[in-house]
Amino acid sequence: MAISAATKAATDALAVNRAPVSVGAQEVHRWMQSFTWDFEKNRTKYSTKYKMANDTKEQFKLIAKEYARMESVKDERQFGSLQDVLTRVDAANRVHPKWNESMKVISNFLEVGEYNAIAATGMLWDSATAPEQKNGYLGQVLDEIRHTNQCGYINYYFAKQGQDAAGHNDARRTRAIGPLWKGMKRVFSDGFISGDAVECSINLQLVGEACFTNPLIVAVTEWASANGDEMTPTVFLSIETDELRHMANGYQTVVSIANDAAASKYLNTDLNNAFWTQQKYFTPVLGMMFEYGSHFKVEPWVKTWNRWVYEDWGGIWIGRLGKYGVQSPASLRDAKKDAYWAHHDLFMIAYALWPTGFFRLSLPTAEEAEWYEANYPGWYDMYGKVYDEWRARGCEDPNSGFLPLQWFIENNHPIYIDRVSQVPFCPSYCKGASSLRVLEFNGKKHSFSDQWGERMWLSEPERYECQNIFEQYEGRELSDVIAEGHGLRSDGKTLISQPHTNKNGKLWTLDDIKKINCVFNDPLKAL
Amino acid sequence: MSIEVSGGRRGLTDPVLSAEIMAAIPDQPLETQRKMNYFMTPRGKRINEYEVLCCYTQPTPDWIPGGLDWGDWTQKFHGGRPSWSNESTEMRCSDWLKHRDPAFRWHALYVKDKAEEWRYTDRFLKAYSADGHVRSMDPVWRDEVLGDYLGAFGFSEYGLFNSHSSVVRDCLGDTLRMSSAMIGLDKVDNAQMIQMERTFLAKLVPGFPESTDIPKNEWTKGAIFKGSREVVQQIWQETYDWNEILFSGHMVYDPLFGQFVRREFFARLSSYYGDSLTPFFINQMQLYFSQTKGITTDMFHTCLAADEQFGAYNTRLMHAWADKWLPRTLTALKDFMGIFSKIPEIKGVSDKPAIEAALHRVFDDWKHDFADPIGYQVNTAVLIKTVLSGLK
């Protein structure tokens, strides 16, 4: 075999230096942009009105194996903590019961968001033309699988080791019964995956992740820890380390379309719609989960919201994108108003519909009521005195025959569902900015609670046809709905959901609900 | 005490907070059923951790078979197309959530395996370089075959990787979505390992071209990969049915073309040309191939062909897809036969009888693992004869 000049050179080099040589991840990654090729039908399967640039780079330059190494190290730390020290100190049984219930919702609903983000970033991976940009989205696809598994692990851990497994153990089956589910699907599911690919990226990465994961995944850890829960910070802060790369992906999406003429025409409208879509649900629901789903409070939700959403995201993050023509959403001002009262309004409705949940809800205690009044002056006159009335009528006692929903009916305060956000609202009894708007289309009535959602529906009603729970359940008796949705504990008669977390309180059964004979009506039919 | 706590006080360790929390906790657990997802049917005797963490994460309504939700989508595509729909594939299934990765890998297990492979790769490359193995490599094999044709094959792997993007978006099951993302990542890992080998060689062999320019030219303009390039492009960008993408890529093209190129060409021949480096990478790719085969045969054989309600229909459809993709794959292999004229022939290794034997191994494996389980009739001798007609 003849020795080529190159082989001789290799032999000579070895004679001089026998130091071991390897290849680093960056040495491979730097060729990635050249991995693709042009061909006639090379185009995305998902339409977008924007044109993503062919030379877009990614900020976190990972290859598959290096990605796996990085995540594996984080997993070792996280699962080591959970399975070792936290288990040995029986941590799941040292969490305040109210927070134990909140985690049934927070962890499962976040899991839905993470799961749908797998599909969303799959679509973006398809839509991008630059290999580096594809690679950034690919990393996120894998991250979202990780986060789906991690969120599931929280429920799994609480179910296996905690004080009340019901709801943790079957959230994926029972979550669809209640009034919070459809709204969650809008922001965390369909809003991420159904639409113009760039619009979905804006929903997921520019708003969902850059704006609301800070309160949802970071701030929540302070509330969890204060209430005895160290499992959630262990998992959620590990999730958050990946979110930074996702925010960078959102940033790069904007960079990739910055020079496209469509961006100057549509980007700010899409951003405004995405922001309103996300905030319409997250602002009230997160505030409700933090404040009403905890015993020990960290700070008023409105302060958290102002810091993370208004100042950090609306000011600093969007400000950084200003050079690409991005402006703070016009709806930010209205959202700021929601941050003060909307979660109080929503809790009132959620509590009124408590039998449809997969978790236990509690009315504020006297000391909590003092805290609300001190932080939200006027709270007692609007909400506190109603809760006193409900409590006096025995809303926590299964023998009372009283569901708070009756109070709304007796006082002629109908509860509607906003067609676009699927968030329930009571326009005649609220301190938030909700106002009833009703429109008719194709022989069907639709209710709306704000101008931003109404505008979205007016321009594309075919995107928002989903039935709401009152339309779905109309004419059906409440206990039937609960039984069909599997809202019962393993004894086959006690409800998963309860209107209190009092350890000495009686638990409601399906028979207790059946006796009340509560039948659903569609409030739109009365108009 | 105040219920507002500040300064990072923790309920688990702060004695005052902890005492109040413990006083509120029920004396006995309120629920005895502690198994998450207790309502599901496990693949084995018991629900395993993979099934706990992955199954029923998909929030689809019950009109997509297997779903637990109800009603419509809360937001649809412009024009009203639904988020996910049964119409996204011609296949029918009575439970789209039935698929299981036979290795039961959820994310943590998947990345742990790959992280170990990365660490071992790094150690191997250091030992290989320090030991001077590269001196024994045949220069023609190294400079032309590895430099040009192995590099060009990386584009096949990269194109197949991209074909998974729309599958990850559109498929109707949670476990399948996760599996598809993982087998997609394995494909880009293959492409990256090929470039890694070329970069490594460039470090050891002065003048060895690290750039992707020559391989890309071979892939896009050369005759050897013409047929495979066309198949990959068709799978990646011309196929919209997500099941057909998986079937064409992983049930036809890769078990035939990919297996021949990786196992029967690069892995088998490399040792005859003094190359112990390439098999190190190819063997990782073969591990991924094996794991992928487990996933896709579970989906197409265990779930779809054996579906009590739709199995017969699905099997007919798979036959139709095999009829469509097999001739294209044969063309790809036939074109690839041209590579044997580029290397020094070694009797009994790279001559016609040896190539024919290699083709028999690949086609027999394919018949056994992929065609027979769905009753797809093939005459492998005829197929091999077609491929061999491409030998120069």
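- Ranked by heavy-atom pairs under 4.5 Å with chain A, the list Gly71(B), Gly159(B), Ser166(B), Cys54(B) is led by Ser166(B).
- The greatest number of non-hydrogen atom pairs below 4.5 Å with chain A, out of Gln58(B), Lys35(B), Lys216(B), is found for Gln58(B).
- Contact of Asp113(B) with chain A is not made at all, since no heavy-atom distance falls under 4.5 Å.
- Put simply, of Ser22(A), Ser294(A), Ala10(A), Ala176(A), the one with the most heavy-atom pairs under 4.5 Å next to chain B is Ser22(A).
- For a residue to count as touching a neighbouring chain, one of its non-hydrogen atoms must lie under 4.5 Å from one of that chain's; by this rule Leu14(A) touches chain B with the side chain only.
- Counting only distance, with no hydrogens or angles, the side chain of Asn149(A) and the backbone of Leu53(B) share a donor-acceptor pair below 3.5 Å.
- Of the listed residues Gln33(B), Met22(B), Arg177(B), the one with more heavy-atom pairs under 4.5 angstrom with chain A than any other is Arg177(B).
- A salt bridge does not link Asp69(B) to Arg175(A): none of the charged side-chain nitrogens sits closer than 4.0 Å to a carboxylate oxygen.
- Within the model, atoms CG of Leu68(B) and NE2 of His486(A) stand 7.5 Å from one another, a figure rounded to the nearest 0.5 Å.
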Go through it in stages, so that I can follow the logic: the residues are Asn169(A) and Tyr38(B), the test is side-chain hydrogen bond (donor to acceptor under 3.5 Å, both in side chains), and I'd like the CA-CA distance, side-chain angles, deciding distance and then a yes or no. CA-CA 7 Å; Asn169(A) 61 9; Tyr38(B) 61 85; 4.7 Å; no
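- Looking at heavy atoms from C-beta onward, Trp84(B) lies out of side-chain contact with Ser194(A) at the 4.5 angstrom threshold.
- Residue contact with chain A, scored on non-hydrogen atoms closer than 4.5 Å, involves the backbone and the side chain of Trp236(B) alike.
- Both the backbone and the side chain of Lys112(B) come within less than 4.5 Å of a heavy atom in chain A.
- In this structure, chain B has no heavy atom under 4.5 Å from any part of Lys74(A).
- Comparing Arg173(A), Gln422(A), Glu230(A) by heavy-atom pairs within less than 4.5 Å of chain B, the highest count is held by Arg173(A).
- Contact annotation: the side chain of Met36(B) approaches that of Arg172(A) to within less than 4.5 Å [non-hydrogen atoms, C-beta and beyond].
- Here Asp122(B) is the residue among Asp14(B), Thr13(B), Asp122(B) with the most heavy-atom pairs under 4.5 Å with chain A.
- Residue Gln284(B) touches chain A through its side chain alone, counting heavy-atom pairs closer than 4.5 Å.
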Could you walk me through whether Trp106(B) and Tyr156(A) pass the ring pair (Phe, Tyr, Trp, His ring centres under 6.0 Å) check? CA-CA 14 Å; Trp106(B) 49 289; Tyr156(A) 175 45; 8.6 Å; no
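- Ring geometry, Trp125(A) versus Phe161(B): the interplanar angle falls under 30°, so the pair is classed parallel (tilted spans 30 to 60°).
- For a residue to count as touching a neighbouring chain, one of its non-hydrogen atoms must lie under 4.5 Å from one of that chain's; by this rule Ser189(A) touches chain B with the side chain only.
- Cation-pi geometry between Lys76(B) and Tyr464(A) is not satisfied (NZ or CZ under 6.0 Å from the ring centre, within 45° of the ring normal).
- Both the backbone and the side chain of Glu210(B) come within contact range of chain A, with heavy atoms under 4.5 Å apart.
- With a 4.5 Å cut-off on non-hydrogen atoms, Trp99(A) does not touch chain B at all.
- Cys171(B) does not touch chain A: none of its heavy atoms, backbone or side chain, sits under 4.5 Å away.
- For a residue to count as touching a neighbouring chain, one of its non-hydrogen atoms must lie under 4.5 Å from one of that chain's; by this rule His168(A) touches chain B with the backbone only.
- Looking at Pro131(A), both its backbone and its side chain come within 4.5 Å of chain B, counting heavy atoms on both sides.
- Between Phe188(A) and Pro59(B) the shortest side-chain heavy-atom distance does not fall below 4.5 Å.
- The greatest number of non-hydrogen atom pairs below 4.5 Å with chain A, out of Asp170(B), Val167(B), Thr220(B), Thr32(B), is found for Asp170(B).
- At a 4.5 Å heavy-atom cutoff, the contact between Met193(B) and chain A is made by side-chain atoms alone.
- Neither the backbone nor the side chain of Tyr137(A) comes within less than 4.5 Å of any heavy atom of chain B.
- Among Ile496(A), Val112(A), Thr501(A), Val95(A), the residue with the largest count of heavy-atom pairs under 4.5 Å with chain B is Val95(A).
- Listed options Glu471(A), Lys65(A), Glu462(A) were ranked by heavy-atom pairs under 4.5 angstrom with chain B; first place goes to Lys65(A).
- Contact annotation for Ser180(B): neither backbone nor side-chain heavy atoms come within less than 4.5 Å of a heavy atom of chain A.
- Interface remark: Ala171(A) contributes no atoms to any contact with chain B (heavy atom separation under 4.5 Å).
- Taking the side chain as every heavy atom from C-beta outward, His295(A) and Ile3(B) approach each other to under 4.5 Å.
- Contacts between Glu66(A) and chain B at a heavy-atom distance below 4.5 Å involve backbone atoms as well as side-chain atoms.
- Most heavy-atom pairs under 4.5 Å with chain B, from the set Val89(A), Asn116(A), Asp229(A): that is Asn116(A).
- For Phe200(B), the parts lying under 4.5 angstrom from a heavy atom of chain A are both the backbone and the side chain.
- Listed here is the closest heavy atom pair of Ser83(B) and Asp190(A): OG-OD1, 3.0 Å.
- Although no hydrogens or angles enter the test, the distance criterion places a donor-acceptor pair under 3.5 Å between the side chain of Arg34(B) and the main chain of Lys160(A).
- Neither the backbone nor the side chain of Met456(A) comes within contact range of chain B, judged by heavy atoms closer than 4.5 Å.
- Relative to the six-membered ring of Trp70(B), Lys182(A) meets both conditions, a distance below 6.0 Å and an angle of at most 45° to the axis.
- Heavy-atom distances place no part of Glu197(B) under 4.5 Å from chain A, backbone and side chain included.
- Under the 3.5 Å distance criterion, the side-chain polar atoms of Gln237(B) are matched with a main-chain donor or acceptor of Arg43(A).
- In this structure, chain A has heavy atoms under 4.5 Å from both the backbone and the side chain of Lys114(B).
- Not a single donor-acceptor pair under 3.5 Å links the side chain of Gln163(A) to the backbone N or O of Leu30(B).
- Contact of Arg119(B) with chain A is made through the side chain alone, with heavy-atom distances under 4.5 Å.
- Under 3.5 Å, the side chains of Ser490(A) and Glu31(B) contain a donor-acceptor pair of N or O atoms.
- In this structure, the portion of Asp75(A) lying under 4.5 Å from any heavy atom of chain B is its side chain and not its backbone.
- Heavy atoms closer than 4.5 Å to chain B are found nowhere in Asp12(A), neither backbone nor side chain.
- The contact between Glu27(A) and chain B is made by backbone and side chain atoms together, counting heavy-atom distances below 4.5 Å.
- Residues Asp27(B) and Lys503(A) share a closest heavy-atom pair of OD1-NZ, 3.5 Å.
- Interface remark: Glu222(A) contributes no atoms to any contact with chain B (heavy atom separation under 4.5 Å).
- With a 4.5 Å cut-off on non-hydrogen atoms, Val188(B) touches chain A through its side chain but not through its backbone.
- Looking at Lys134(A), its side chain never comes within 3.5 Å of a backbone N or O of Asn162(B) through a donor-acceptor pair.
- Contact record, Ser165(B) with Asp126(A): OG-OD2, 2.7 Å, taken as the closest heavy-atom pair.
- Arg142(B) touches chain A through its side chain: at least one heavy atom from C-beta onward sits under 4.5 Å away, while N, CA, C and O do not.
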